[in-house]
Amino acid sequence: MSLFTPYFKDSISVQNYIGVNDFGDSQYDFTKDILCRVEYKTQETLDSKGNKVISTATVYTDEEIPPLSIVTANGTRHTVKSCSSIANLMGGIDHYEIML
């Protein structure tokens with residue numbers, strides 16, 4: 001649990017990316033709702049393949065969301081561009097920052 005968990009007031013729907021099926025279509029896990037904090041800001045970041053992309057929002061949460069997953073926040077559908085873990089003072093994972 002993060003020190004910021006009490007401040008996670010936004011709710012988003014997440015469909016985790018699990019891979020590609022035999023027909024070449026992306027497959028997603030079931031939809032789940034998670035609590036988080038969403039900040040809308042445009043910035044340049046690196047995606048999971050190391051390419052420069054433009055991120056329009058950042059999600060702060062206790063749960064890891066893999067790249068290429070689908071996130072629905074405030075009625076808008078986003079694709080996860082990157083997910084990075086942020087360490088706490090003891091070296092463990094405090095929370096995740098997901099770029100949309």
Side-chain angles (χ1 to χ4, degrees):
M1 183 169 121
S2 170
L3 292 173
F4 301 106
T5 301
Y7 303 106
F8 294 160
K9 304 292 184 192
D10 299 322
S11 179
I12 60 173
S13 297
V14 178
Q15 289 180 302
N16 287 332
Y17 177 78
I18 56 175
V20 178
N21 65 15
D22 295 336
F23 302 106
D25 298 326
S26 298
Q27 287 187 309
Y28 299 95
D29 205 0
F30 60 92
T31 302
K32 65 179 178 177
D33 293 331
I34 60 172
L35 284 177
C36 63
R37 180 170 172 235
V38 180
E39 280 187 6
Y40 292 96
K41 58 183 175 182
T42 303
Q43 62 186 6
E44 189 175 87
T45 188
L46 296 177
D47 66 5
S48 59
K49 297 178 183 174
N51 300 319
K52 287 184 181 181
V53 294
I54 300 297
S55 169
T56 57
T58 304
V59 174
Y60 303 93
T61 183
D62 288 334
E63 295 188 37
E64 183 176 12
I65 303 173
L68 302 177
S69 296
I70 302 296
V71 171
T72 305
N74 297 324
T76 306
R77 188 177 164 154
H78 302 276
T79 301
V80 174
K81 294 178 174 52
S82 68
C83 176
S84 56
S85 59
I86 306 301
N88 60 20
L89 294 175
M90 305 304 271
I93 294 175
D94 184 62
H95 66 279
Y96 294 93
E97 290 184 5
I98 293 96
M99 301 294 186
L100 306 178

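Worth knowing before you read on, the calculation uses all heavy atoms, side chains too, and leaves out hydrogens, waters and symmetry mates.
Residue Ile18 is not grouped with residue Val20 when hydrophobic side chains (ILVMFWY) are merged at heavy-atom distances under 4.5 angstrom, including chains of intermediate members. With hydrophobic clusters built from ILVMFWY side chains whose heavy atoms lie under 4.5 angstrom apart, Ile98 shares a cluster with Ile12. Val14 and Ile70 are assigned to two separate hydrophobic clusters, defined by single-linkage of ILVMFWY side chains at heavy-atom distances under 4.5 Å.
Remark: Leu89 CG is loosely packed, at most 12 non-hydrogen atoms of other residues, nucleotides or ligands lying under 6.0 Å away.
Contact detail for Leu46 and Ser82: the closest heavy-atom pair is O-CB, 3.4 Å.
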(request) Please step through side chain to side chain contact (heavy atoms under 4.5 Å, CB included) for the pair Ile93 and Ile86, ending with a clear verdict. (result) CA-CA 6 Å; Ile93 294 175; Ile86 306 301; over 6 Å; no

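Residues passing the side chain to side chain contact (heavy atoms under 4.5 Å, CB included) test with Ser13 are Thr31, Asp33, Thr72, sequence neighbours excluded. With sequence neighbours excluded, no residue forms a side-chain hydrogen bond (donor to acceptor under 3.5 Å, both in side chains) with Ser85. Take Tyr17 and apply the ring pair (Phe, Tyr, Trp, His ring centres under 6.0 Å) test, not counting sequence neighbours, and it matches Tyr28. Residues satisfying the salt bridge (charged side-chain N to carboxylate O under 4.0 Å, His left out) criterion with Glu63, sequence neighbours excluded, are Lys32. Applying the side chain to side chain contact (heavy atoms under 4.5 Å, CB included) rule to Pro66 yields the partners Asn16, Ser69; only residues at least two apart in sequence or on another chain are considered.
Applying the salt bridge (Lys or Arg N to Asp or Glu O under 4.0 Å) test to residues at least two apart or on different chains, none of the pairs has a partner in residues 2-27. Residue pairs that meet the ring pair (Phe, Tyr, Trp, His ring centres under 6.0 Å) test with at least one member in residues 79-100, sequence neighbours left out, are Phe4-His95. Sorted pairs that involve residues 48-89 and meet ring pair (Phe, Tyr, Trp, His ring centres under 6.0 Å), not counting sequence neighbours, are lacking altogether. For residues 66-84, the set of pairs meeting the salt bridge (Lys or Arg N to Asp or Glu O under 4.0 Å) definition, not counting sequence neighbours, is empty.
Distance NZ/Lys52 to OG1/Thr45: 11.0 Å, rounded to 0.5 Å. Glu44 CD to Ile54 CD1: the interatomic distance, rounded to the nearest 0.5 Å, is 5.0 Å.
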Can you give the donor-acceptor pairs under 3.5 Å from side chains of residues 34-43 to other protein atoms, not counting sequence neighbours?
from, atom 1, to, atom 2, distance (Å)
Arg37, NH1, Glu39, OE2, 3.0
Arg37, NH2, Glu39, OE2, 2.6
Tyr40, OH, Asn74, ND2, 2.8

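A 4.5 Å side-chain heavy-atom check between Val80 and Leu100 finds at least one atom pair inside the cut-off.
Alongside Val53, the hydrophobic cluster contains no other residue (criterion: ILVMFWY side chains under 4.5 Å).
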